Amino acid sequence: MKKELPKTYEPQEVEGRIYAAWEQAGCFKTVRDPDKKPFTIVIPPPNVTGQLHMGHAMDSTLQDTLIRFKRMQGYAALWVPGTDHAGIATQIKVEEDLRVNEGRTRYDLGREKFLERVWAWKEKYGGRIVEQQKKLGASCDWDRARFTMDEGLSAAVRHVFVSLYNKGLIYKGSRIVNWCPHCTTALSDAEVEYKDKPGKLWHIRYPIVGEADKYVIVATTRPETMLGDSGVAVHPEDERYADIVGKTCLLPLVEREIPIVADEYVDRAFGTGCVKMTPAHDPNDFEVGLRHSLENIRVIEDDGTISQGYGKYSGLDRYEARKAILADLEAGGYLVKTEDHQHNVGTCYRCGSDVEPLISAQWFVKMEPLAREALRVVQDGELKFVPDRFAKIYTNWMENVHDWCISRQLWWGHRIPAWTCDDCGQMTVAETDPTECAHCHSKRIRQEEDVLDTWFSSALWPFSTLGWPDENSEDLKYFYPTNVLVTGYDIIFFWVARMVFSGCEHTGRSPFHTVLIHGLVRDEKGRKMSKSLGNGIDPLEIIDQYGCDALRFNLVSGNSPGNDMRFFTERCEAYRNFANKIWNASRFLMMNLTIDRCALPDRLELEDKWILSRLNRLIAEVTENMEKYELGVAAAKIYDFIWDDYCDWYIELTKSRLQGQDEEAKTSAQQVLCHVLTQVLKLLHPFMPFITEEVWQALPHGAEVGEGTFLMLQSWPAVDPHLDFPEEEKSMALIMEAIGAVRTRRSEMNVPPSKKTHLTLVTADAPIFRQGEAHLKRLAYADQVTITTDAPADQTGMVSVVTHAAQMLIPLAELVDLEQEKARLDRELAKVQKDLDGLKTKLGNPNFVEKAPANVVQAERDRQEKLEALLEKLTQQRQGM
RNA sequence: GGAGGCUUAGCUCAGCUGGUAGAGCGCUCGCCUCACACGCGAGAGGUCACAGAUUCGAGUUCUGUAGUCUCCACCA
């Protein structure tokens, strides 16, 4: 049974082998089992051609940790993987590739050829991210991997579109939308990022018609839009302008007569109190325009250039046109004043270009009816956010949501299933491609050119991946609704909110009951990791260097739900060391192992009961933390137990038995060591799947575990009520305290461990300390231990160390400076006295004794007793000097 | 303008339902002790941003202040 293992754990050698073994054995397959409860997580599908970054690594690690935990708990734990077609992002990449390598645009190829290119691109890069997820140890059921443009998922999209259209919840209309001139597509509100940019506020004079030398001055940040002005607005109660309301003014350069209207939208205090109205290029102006029947004059084209019909400005880019117009206004004497002005500009979340609001015919989802149910499920507690505060953010958004613009002027995506009839002009919307108009049966029908917003399909992800809309899908019946959704707070609006109202609307239920929100992974300076900054840390490189387990542990520990974390590579080093620690602990066990079955012995020693009792508590606490999604807390507890309790103490405590002559004691030590390690490996497995599996495979198991099985399929440890030993824990604490006191004293005197001394221990609890005699000998560096209830009369040549339960004498007095020793004792006495005084005051307070819980009061009394005992011993010692 | 987070040891952060402040890294001292120097033992270092309130008792609850970050809305 003895095995030779390398001194240092080599994750690079282990991880690939273990993952392959899991895969080969079918460990990732999740089957519907009527005897089990399902537990389902759907992965936030990464962009199909994307690369794994640290954000994915954290997201995936959290999900994998949960799913492994639940799997071990006996659930049919399903983690559905997959990828998103990522409309704009992917199309931009392929277009860029086309431009760089062939100098062509998508229009050169045409829609059909271009889409062939995108599919080819997807085939080429689509598998990359899946392979990278496997490197993270992800235990997804890969056979169920889905892609948002799969046949089934596309059918779900069509079904939803038709259903919402028929309910009147999808409509097409000319509205002012956010337009990206670079991507040449409409964007939803969520896709616009507002950024503060320095700008100018230009004051421009508009002459009033028919009144020589009279004029209004308007203030604008966007002078180029004046070409599309169709009015000027003032506040109805603004006395300065009361006389000109109803008159018209002459738009400079364009020479168009436009009305002056009064509208409450205008803020009298801002600028001059006069606002130029450009309904076709400003959402607020659009609203005012509706109220006053102002003309919508579109002057900026889809590509951001000025429309035809505006002379020399036509064809110019909007910012070039701005310069030209300002120059002409100045020359014409219309420009009154230029001020600096901090301006909040909407930008495209994909390419960063300034968004151009413009009127355009687009498709929308009517949100108000859908939002109602999405709000209710949160209010009624059917959907919970962890942490709770994100429910407010969600609710606030949902309450103020505008209609969702779902059409995109792209080619890559789900094409809108709507056909316009050339004859009757009516719309046919259908799940299967129609051959004729549903209204007049004309064959002359044309499909919409636009595709749907990427998020339209991801909104269906939790149920479309499980077979919906086929209501008879067994997977759907068994695994839906899913349990937890794990994602970053940055896509609550894009994705989570839309999944919720979609789930409610189409399946009648919230698609999950819990949303676990995590933060962003930032660099060590707290900056967002990004390509443009070049500060991204590649998770794969970290895995190569420190191992996947170390990376995973770094990502889940030391951070709490919803909060951003900074990524420090050094912490991976720390957790690599932790993996190595586990490796060496088990290596130690292997080297000492003579048993071939792991079961607890009948007779347990004091230290055995101590570690088993502590293990019991660890199991209880970790399980509770995991259930409450406190993964970081759970991880820290396991780390502390393994390193401090198991390695630093328990292994050391068993050494005298392992190396002794008593065969029974030797065997029982092995059994307990093995049992505890096995249990704790299970607790750690969800966090560090590879090393735990590797070590577990090498350990002997109980009879119930057959060959060819895996740790990842073992059951989660349960608390064993027979293994609670509070008395033994207390006894061990006394012994450990004594050991610590001796060590501290020796360390202060610079006595090396190699110098063994005779240790005399004086105590009223001699029976307890006798049980720990071997431990005292080994760990307090004694060559001989004498335990007695009576202090020796002659203590010359002795250094005395006291704890509240014992006095220890070590013959090292020659190393001690008596005066220093006195001073040290005085300091210690003062400290103990102070603590005791504080405690006496507290216990002397009748309010405390009466109102505090009994156990708290008792704990303080115990503490007082201990301190008094300690004080007495210290005082005696001081007096003897 | 509105909402929220953060402010705890030199650095980065944990700290659940209130009951004597913790980790990792860093630092100091001593050790290559037969699992591990990716290690062992010992230690230094916090009036838990500030001011009030509740309580027998507050890092932990409430109110306010300051600094900082983020999200939402958006005034041309």
Side-chain angles (χ1 to χ4, degrees), chain A residues 5 7-9 189 194 201 218-222 225 233 265-267 269-278 282-285 288 341 343-344 346 387 389-390 392-393 396-397 400 489-490 492-493 519-520 524 526 546 550 554 557-560 562-568 570-571 573-592 621 624-625 628 630 632-633 635-636 639-640 647-648 651-652 655 659 740 743-754 778-779 781 835 838-839 842 845-853 855-857 859-860 863:
Chain A
L5 297 169
K7 251 177 126 168
T8 305
Y9 174 60
D189 292 344
Y194 288 90
L201 192 60
V218 298
T220 181
T221 54
R222 305 206 45 206
T225 62
Y265 155 73
V266 179
D267 176 359
F270 188 89
T272 58
C274 294
V275 194
K276 62 192 262 320
M277 286 291 123
T278 322
D282 183 283
N284 294 306
D285 294 4
V288 176
H341 182 68
H343 193 45
N344 210 0
R389 67 185 131 95
F390 289 102
K392 279 183 221 151
I393 294 176
N396 184 47
W397 186 81
N400 299 297
Y489 59 71
D490 52 332
I492 291 177
F493 306 139
L520 271 36
E524 50 196 19
Y546 300 103
N554 187 354
S557 67
N559 96 76
S560 51
N563 289 342
D564 291 352
M565 79 176 295
R566 297 192 191 191
F567 189 89
F568 288 93
E570 305 88 80
R571 291 186 69 127
E573 202 174 305
Y575 296 129
R576 176 205 57 187
N577 295 353
F578 178 49
N580 195 54
K581 187 75 180 173
I582 295 164
W583 180 254
N584 275 291
S586 60
R587 197 165 69 94
F588 169 77
L589 216 157
M590 297 298 163
M591 295 189 316
N592 285 284
E621 289 182 9
E624 194 189 335
N625 288 136
K628 289 156 76 179
E630 295 163 356
V633 179
Y639 179 99
D640 290 342
C647 292
D648 287 347
I651 286 184
E652 295 304 325
K655 277 181 179 173
Q659 289 158 19
R743 281 172 171 179
T744 301
R745 238 8 233 115
R746 289 175 55 113
S747 187
E748 280 167 4
M749 295 189 297
N750 283 333
V751 183
S754 53
R778 173 179 283 273
L779 301 179
Y781 315 110
D835 287 354
L839 207 51
K842 195 173 185 180
N845 179 353
N847 275 326
F848 172 71
V849 181
E850 284 162 26
K851 294 184 182 174
N855 62 325
V856 173
V857 176
E860 297 294 53
R863 218 180 114 223

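When reading the values below, keep in mind they use all heavy atoms of this one structure, side chains included, and skip hydrogens, waters and symmetry mates. Protein chains get the first letters and strands the later ones, always in sequence-line order, with residue 1 at the start of each. Given the structure is predicted, the values throughout are model-derived calculations rather than measurements.
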Passes side-chain contact (heavy atoms from CB on, under 4.5 Å), A:Phe848 versus A:Val857? Steps please.
CA-CA 8 Å; A:Phe848 172 71; A:Val857 176; 4.1 Å; yes
Close side-chain approach of A:Arg571 and A:Arg566, heavy atoms under 4.5 Å
no
Between B:A35 and B:C48 - C1' atom distance, rounded Å:
39 Å
Nearest-neighbour nucleotide for the A:His341 side chain, B:U20, B:C74, B:A76 considered
B:A76
Taking N or O atoms only and anything under 3.5 Å, show me the protein contacts with nucleotides 29-34 of chain B, one pair per line.
| from | atom 1 | to | atom 2 | distance (Å) |
| --- | --- | --- | --- | --- |
| B:C29 | O2' | A:Asn750 | OD1 | 3.4 |

What integer distance in Å separates A:Asn577:CG from B:C38:P?
8 Å
For A:Lys7 and B:C36, is the shortest distance between a side-chain N/O and OP1 or OP2 below 4.0 Å?
yes
Using atom CG of A:Asn396 as one end and atom P of B:C74 as the other, report the distance to the nearest whole Å.
12 Å
Which nucleotide in the list B:G19, B:A76, B:U20 gets nearest to the side chain of A:Ala852?
B:G19
Please tell me which of the listed nucleotides, B:A73, B:C38, B:A76, lies nearest to the side chain of A:Asn580?
B:C38
Need one value for A:Pro853: base, sugar-phosphate or nothing, where a base atom within 4.0 Å counts as base even if backbone is also close, heavy atoms only.
base
Nearest to the A:Lys392 side chain among B:G4, B:G19, B:A76, which nucleotide is it?
B:G4
Would a distance-only check, ignoring hydrogens and angles, find a side-chain to backbone donor-acceptor pair under 3.5 Å from A:Asp564 to A:Leu520?
yes
Distance, rounded to the nearest Å, where A:Met565 contributes CE and B:G24 contributes P:
16 Å
With the side chain defined as heavy atoms from C-beta on, A:Cys647 is closest, among B:A35, B:U12, B:A76, to B:A35
Can you check whether any acceptor in the base of B:C36 is under 3.5 Å from a donor in the side chain of A:Lys581, or vice versa?
yes
Measure the distance from CG on A:Asn847 to P on B:U54 and round it to the nearest whole Å.
14 Å
Measuring only the C1' atom in each nucleotide, how far is B:U68 from B:C50? A whole number of Å is fine.
15 Å
With respect to the side chain of A:Phe493, which nucleotide from B:U12, B:C72, B:G15 is positioned closest?
B:C72
Is it the case that the side chain of A:Arg743 and the backbone of A:Leu779 share a donor-acceptor pair, with hydrogens and angles ignored and the cut-off at 3.5 Å?
yes
Using whole Å, what does the distance between atom P of nucleotide B:G26 and atom CD of A:Glu570 come to?
9 Å
On RNA chain B, more 5' by nearest nucleotide between A:Asp835 and A:Thr8 is A:Asp835
For atom P, what is the distance between B:C11 and B:A49, given to the nearest Å?
14 Å
Check the phosphate of B:A14 against A:Asn563, side-chain N and O only, distance under 4.0 Å to OP1 or OP2. Yes or no?
yes
In terms of relative ring orientation, are A:Tyr639 and A:Phe578 parallel, tilted or perpendicular, with 30° and 60° separating the classes?
tilted
Starting at atom CD of A:Glu630, determine the distance to atom C1' of B:U17, rounded to an integer number of angstrom.
10 Å
Can you check the distance between B:G18 and B:G57, where both ends of the measurement are the P atom (answer in whole Å)?
15 Å
Indicate, with a heavy-atom threshold strictly under 4.0 Å, whether A:Tyr639 touches base, sugar-phosphate, or nothing.
sugar-phosphate
How many angstroms lie between OH in A:Tyr489 and CG in A:Asn563, if you round to the nearest 0.5 Å?
8.5 Å
Donor-acceptor pair (no angle test) under 3.5 Å: A:Arg587 side chain, B:C36 base:
no
Phosphate OP1/OP2 of B:C13: any A:Arg566 side-chain N/O under 4.0 Å:
yes
Where the side chain of A:Glu652 is concerned, which of B:C36, B:C74, B:A76 is the nearest nucleotide?
B:C36
Which nucleotide in the list B:C74, B:C56, B:G41 gets nearest to the side chain of A:Asp648?
B:G41
P spacing across the pair B:U33 / B:C40, given as an integer number of angstrom
13 Å
I'd like the C1' distance from B:U7 over to B:G46, given in whole Å.
14 Å
A:Lys842 NZ to B:U55 C1': how many Å, rounded?
13 Å
I'd like the P distance from B:U70 over to B:A51, given in whole Å.
28 Å
Taking C-beta and beyond as the side chain, do A:Phe568 and A:Asn554 meet within less than 4.5 Å on heavy atoms?
no
Which nucleotide, B:U20, B:C38, B:A76, lies nearest any side-chain atom of A:Arg863?
B:U20
Taking the C1' atom of each, how far is B:C27 from B:A66, in whole Å?
32 Å
Any base atoms under 4.0 Å from A:Phe568, or only sugar-phosphate, or nothing? Heavy atoms, all strands.
sugar-phosphate
Using modelled atom types only, decide if a donor and an acceptor are shared between the side chain of A:Asn584 and the backbone of A:Lys7 within a distance under 3.5 Å.
yes
Let's see if you can work this out: which of B:A76, B:A35, B:G15 has an atom nearest to the side-chain heavy atoms of A:Ala585?
B:A35
Take the protein atom OH of A:Tyr575 and the nucleotide atom C1' of B:C25, then report the distance between them rounded to whole Å.
10 Å
For RNA chain B, what string of dots and brackets results from 5' to 3' when Watson-Crick and G-U pairs need both distances under 3.5 Å, crossing pairs get [ ], and pairs with another strand get |?
(((((((..((((.....[..)))).(((((.......))))).....(((((..]....))))))))))))....
